[in-house]
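So the structure is just underneath, and the comments pick up after that.
Throughout, protein chains are lettered first and strands after them, A, B, ... in sequence-line order, and every chain is numbered starting at 1.
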Protein chains: 2
Amino acid sequence: MDLEEKIAEYQFTGEGLSGFLIERTAKRLKRAFQQELTKMNAGLTADQWVVMDLLANKGALNQLEICRYLAKDPPTVTRILDLLVDKQLLQRKTDPEDRRRFLVSLTRGGMNRHFELITRVKEFRKKHFNALSPYDIELLLSVLEKINQSIDEE
Amino acid sequence: MDLEEKIAEYQFTGEGLSGFLIERTAKRLKRAFQQELTKMNAGLTADQWVVMDLLANKGALNQLEICRYLAKDPPTVTRILDLLVDKQLLQRKTDPEDRRRFLVSLTRGGMNRHFELITRVKEFRKKHFNALSPYDIELLLSVLEKINQSIDEE
DNA sequence: TGTAAATAATTAGCATACGAACTAAATGGA
DNA sequence: TCCATTTAGTTCGTATGCTAATTATTTACA
């Protein structure tokens, strides 16, 4: 199937060809990662893991910082944190500098859980990452960047 | 920021760099398209529009066919169809060939609604599509294809 | 200093994503 | 023909995405 045909085939997708294909690949990657987590009895969703891994790398953050890093909305982050707090994997502490904010950080249990999982997660990343050459990644980034810019231009 | 730094920056994202960036771009495209629909008082979500546009192009389909075209799960498609039937934009008719199936098609009202919206939707597609050269699109497709293959190899 | 505006987080409501379990209908082999 | 298996679609439960509205706190300016 050549390019013309592919474009015709997905012409019905609203955001267009690229939107549909990008969304589909994103969903598949996330699903594969979720299945990996399930296999290792992580007791976490993909999104919950990402928050934990972010905190493991950056230390305590407030919720808007988490939103910005992960490109998620405040309500979504609130809910993910609630679930992780319920599991006693992280804690909210009021920021003394600004009492509107919480400083969110891993509990000791959260750090342990992260440590147990990180090795296998890294293997997963490497496996799919290695499917792409550095050149592929450059290309992907530049094309995604162009799409993002065309959205920003509104 | 060079490639190394970008990779380091997003190292915490579970599925890896590409997963995060792909998902983020997909979400932004969809959100932009949804806002466009809202602006034109379409009375539809992006996903609902996509279903209607698919049926406008392909004629009557059963639900699994819709699932395959749109890469959505059966329960998700069931619910989207329920909402569109409530709005009297489409109808389910039992397939006489196989009474487990429904043939789903646009109602007259659905066809009218589609006709009212399609011009502006096409403009939206073109605007973001034009940000990419045919060469960019080829590259994007080939990189996404590699990622998909590496997922399929499980 | 006092108050309006801005900011951080939450809540509520609706829609989508996905796995699992379920119903009804069709199919295939003994 | 009968019954196990498969297939099409739905229902349920949990989690996420997004908008709008709300609360509590801080900032900015008159």
Side-chain angles (χ1 to χ4, degrees), chain A residues 14-15 20 23-39 42-51 60-68 70-87 92-104, chain B residues 14-15 20 23-39 42-51 60-68 70-87 92-104:
Chain A
E15 309 100 294
F20 177 70
E23 184 178 359
R24 188 172 63 175
T25 301
K27 278 199 281 193
R28 296 191 63 188
L29 263 174
K30 191 171 197 169
R31 198 179 317 151
F33 180 59
Q34 178 64 65
Q35 287 168 349
E36 194 72 13
L37 284 176
T38 303
K39 244 190 286 180
L44 296 170
T45 65
D47 293 290
Q48 289 166 14
W49 162 262
V50 169
V51 171
L61 297 174
N62 67 52
Q63 299 189 197
L64 281 186
E65 289 172 328
I66 296 173
C67 291
R68 290 193 203 99
L70 302 183
K72 291 181 183 301
D73 302 294
T76 300
V77 168
T78 291
R79 269 176 320 207
I80 293 173
L81 297 184
D82 286 345
L83 292 171
L84 288 170
V85 169
D86 289 346
K87 295 179 193 183
R92 287 181 175 101
K93 290 178 182 165
T94 303
D95 181 348
E97 306 277 306
D98 183 338
R99 298 175 45 244
R100 289 171 304 184
R101 290 201 266 254
F102 291 112
L103 286 173
V104 182
Chain B
E15 309 100 294
F20 177 69
E23 185 178 357
R24 188 172 63 174
T25 301
K27 278 199 282 191
R28 295 191 64 188
L29 264 174
K30 191 170 197 169
R31 196 182 320 154
F33 180 60
Q34 177 64 66
Q35 287 168 351
E36 194 73 12
L37 285 177
T38 303
K39 244 191 287 180
L44 297 171
T45 64
D47 293 289
Q48 289 166 15
W49 163 263
V50 169
V51 170
L61 297 175
N62 67 51
Q63 301 190 192
L64 281 187
E65 290 172 328
I66 296 173
C67 291
R68 288 192 204 96
L70 302 183
K72 292 182 184 299
D73 301 296
T76 299
V77 168
T78 291
R79 267 178 324 222
I80 292 174
L81 297 184
D82 287 345
L83 292 171
L84 288 170
V85 169
D86 288 347
K87 296 178 194 184
R92 288 181 173 100
K93 290 179 182 163
T94 303
D95 182 348
E97 305 278 305
D98 183 339
R99 298 177 45 246
R100 290 170 304 180
R101 291 192 197 133
F102 292 113
L103 286 173
V104 182

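Using a cut-off of 4.0 Å between Lys/Arg side-chain N and Asp/Glu carboxylate O, Glu36(A) and Lys39(A) are scored as salt-bridged.
Comparing Lys87(A) and Pro96(A) by the nucleotide of DNA chain D that holds the closest heavy atom to each, the one mapping nearer the 5' end is Lys87(A). Mapping Asp82(B) and Leu64(B) onto DNA chain D by nearest heavy atom places Leu64(B) at the nucleotide closer to the 5' end.
Between the CG atom of Leu81(A) and the P atom of dT11(C) there is a distance of 12 Å, given to the nearest Å. Regarding Glu97(B), its CD atom lies at a distance of 14 Å from the C1' atom of dA25(C), rounded to whole Å. Taking atom CG of residue Asn62(B) and atom C1' of nucleotide dT10(D), one finds them 15 Å apart after rounding to whole Å. Atom-to-atom, CG of Asp95(B) to C1' of dG9(D) comes out at 13 Å; the value is rounded to the nearest Å. Counting to the nearest Å, the P atom of dC18(D) and the NZ atom of Lys30(B) are 9 Å from each other. If you measure from atom CG of Leu84(B) to atom C1' of dT16(C), you get 13 Å, rounded to the nearest angstrom. Computed from coordinates, the Leu37(B) CG to dC14(C) P distance equals 20 Å when rounded to whole Å. Taking atom CZ of residue Arg99(B) and atom C1' of nucleotide dA25(C), one finds them 7 Å apart after rounding to whole Å.
For Asp98(A), whose side chain is taken as the heavy atoms from C-beta onward, the closest listed nucleotide among dT25(D), dC18(D), dT10(C) is dT25(D). Among dA24(D), dT16(C), dT16(D), the nucleotide with an atom closest to any side-chain atom of Thr76(B) is dT16(C). Listed nucleotides dT10(D), dT16(C), dT10(C) differ in distance to Thr78(A); the shortest reach to its side chain belongs to dT10(C). With dG17(D), dC18(D), dA17(C) as the choices, the nucleotide that has an atom nearest any side-chain atom of Asp73(B) turns out to be dA17(C). Of all nucleotides listed (dT16(D), dT10(C), dA17(C)), dA17(C) comes nearest to the side chain of Glu23(A). Relative to the side chain of Arg100(B), the nucleotides dA24(C), dT11(D), dA15(D) differ in distance, and dA24(C) lies closest.
Among the protein residues, Gln34(B) comes within range of no part of the nucleic acid, since none of its heavy atoms lies under 4.0 Å from any strand. Heavy atoms of Arg31(B) sit under 4.0 angstrom from primed sugar atoms or phosphate atoms, though from no base atom. Backbone-only engagement by Gln35(B) is indicated by non-hydrogen atom pairs under 4.0 Å involving sugar-phosphate atoms exclusively.
Inter-residue side-chain proximity for Arg92(B) and Leu84(B) is flagged as unmet; no heavy-atom pair is nearer than 4.5 Å. Under the 4.5 Å side-chain criterion, counting only non-hydrogen atoms from C-beta, Lys72(A) is not in contact with Ile66(A). Contact check for Arg31(A) versus Gln35(A): side-chain heavy atoms found under the 4.5 Å cut-off.
When every heavy atom of Arg24(A) is checked against every heavy atom of Ala71(B), the shortest pair comes out as CD-CB, 3.8 Å. Here the closest non-hydrogen pair linking Trp49(A) and Leu44(A) is CE3-CD1, 4.1 Å.
OP1 or OP2 of dT10(C) lies within a sub-4.0 Å distance of a side-chain N or O belonging to Arg92(A). OP1 and OP2 of dT16(C) both lie 4.0 Å or more from every side-chain N or O belonging to Lys72(B).
For a distance-only test at 3.5 Å, the side chain of Arg79(B) fails to qualify as a donor-acceptor partner of the base of dG9(D).
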